[in-house]
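What follows is one structure encoded as structure tokens, with my remarks underneath.
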Amino acid sequence: GGCDKVSINTAAIQDSDLVKRASRRFGNQCIVVAIDCRRNDDGGWTVYTHGGRKATELDAVVWAGKVQDLGAGEILLTSMDADGTKDGYDLPLLRAVAERVHIPVIASGGAGELEHLYQAFSEANVDAVLAASIFHYGIFTVSQAKKYLAENGVHVRQ
């Protein structure tokens, strides 16, 4: 019983020591830090809290490196700009974070086509993808997504 992973977002920003304490207690493989961000005017990305409603002073790429150092085992990275658009993931954001950290990065926000899932792996080098709309609205099935990715050389758990 019990859960395998816990995702922390706003609480990690309010108390970054929480990530360190939790990873020491439960192991870093159990601690996922969710980072919600939006592109800013300087060409970077600002971290938001409270479900993407409140801006912080944090740069998303720098924050990703910090939570890794604090003991996060994975990062769930959501572009609030792309989320729900079905126009594709923010590949530059994903790439920047994936290059900064060595822990797994899960892409979130923007998937509308199976090709978008593939692009996150092939162009941004993420470790996993999260997609919601394409499945909720019956555009594609999970099986179709797995088959498409496997046919394009992405290792997929069956």
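From a predicted model like this one, the values you see are computed outputs, not experimental measurements.
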Between the side chains of Asp81 and Trp45, does any donor sit under 3.5 Å from an acceptor?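 Not at all, the side chains of Asp81 and Trp45 share no donor-acceptor pair under 3.5 Å.
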Checking Thr78 against Asp83: is there a side-chain donor and acceptor pair closer than 3.5 Å?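 There is no such pair (donor and acceptor under 3.5 Å, judged by atom type) between the side chains of Asp83 and Thr78.
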Any [X] side-chain heavy atom under 4.5 Å of [Y] side chain:
X      : Y      : answer
Glu74  : Ile103 : no
Cys30  : Val6   : no
Asp90  : Cys37  : no
Leu149 : Leu117 : yes
Arg38  : Ser79  : no

Shortest non-hydrogen contact between [X] and [Y], atoms and distance:
X      : Y      : result
Glu123 : Arg95  : O-NE, 2.8 Å
Gly110 : His116 : O-ND1, 3.9 Å
Asp36  : Gly52  : OD2-N, 3.9 Å
Val101 : Val105 : CG2-CG2, 3.7 Å
Val129 : Ala120 : CG1-CB, 3.6 Å
Leu94  : Ala124 : CB-CB, 3.5 Å

Decide whether [X] and [Y] are clustered together by the hydrophobic rule: side chain heavy atoms of Ile, Leu, Val, Met, Phe, Trp, Tyr closer than 4.5 Å, transitively.
X      : Y      : result
Val47  : Met80  : no
Leu114 : Phe135 : yes
Tyr89  : Val154 : yes
Val33  : Val62  : no

Trace of the side-chain contact (heavy atoms from CB on, under 4.5 Å) decision for Ile75 with Val67: CA-CA 8 Å; Ile75 292 172; Val67 298; 4.1 Å; yes
Take Gln119 and Leu91 through the test side-chain contact (heavy atoms from CB on, under 4.5 Å) and record every step on the way to the result. CA-CA 8 Å; Gln119 288 170 338; Leu91 297 173; 4.1 Å; yes
Using a 3.5 Å distance criterion without hydrogens, assess whether the side chain of [X] forms a donor-acceptor pair with backbone atoms of [Y].
X      : Y      : value
Glu113 : Gly88  : no
Ser23  : Val19  : yes
Lys86  : Ser133 : no
Glu99  : Ala96  : no
Asp15  : Asp17  : yes

Using a strict 4.0 Å threshold on nitrogen-to-oxygen distance, state whether Lys147 and Glu151 make a salt bridge.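 Yes, charged N to carboxylate O under 4.0 Å.
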Transitive ILVMFWY cluster of Val32 at side-chain heavy atoms under 4.5 Å: who else is in it?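 Its cluster mates, by chain and number, are Leu76, Ile106, Leu130.
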Over 12 non-hydrogen atoms of neighbours within 6.0 angstrom of CD in Glu115: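 No, because the 6.0 Å sphere around CD of Glu115 holds 12 heavy atoms or fewer from other groups.
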Worked check of side-chain contact (heavy atoms from CB on, under 4.5 Å) between Ile8 and Ile31: CA-CA 7 Å; Ile8 310 167; Ile31 307 304; 3.9 Å; yes
Could you grab the distance from atom CD of Gln68 to atom CG of Asn28, nearest 0.5 Å is fine?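 Answer for the CD-CG pair, Gln68 versus Asn28, is 9.5 Å.
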Would you please test Ile13 and Trp63 for side-chain contact (heavy atoms from CB on, under 4.5 Å) and show each step? CA-CA 9 Å; Ile13 293 167; Trp63 177 237; 3.6 Å; yes
If the condition is side-chain contact (heavy atoms from CB on, under 4.5 Å), which residues does Asn152 pass it with, not counting sequence neighbours?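 Checked Asn152 against side-chain contact (heavy atoms from CB on, under 4.5 Å); matches are Tyr118, Tyr148.
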Just jot down the side-chain contact (heavy atoms from CB on, under 4.5 Å) partners of Asp69, sequence neighbours excluded, or say none.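 With neighbours one apart ignored, the set is empty.
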Geometric cation-pi criterion, Arg53 with Tyr48: 6.0 Å, 45°: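 The answer is no; the distance or angle limit is not met.
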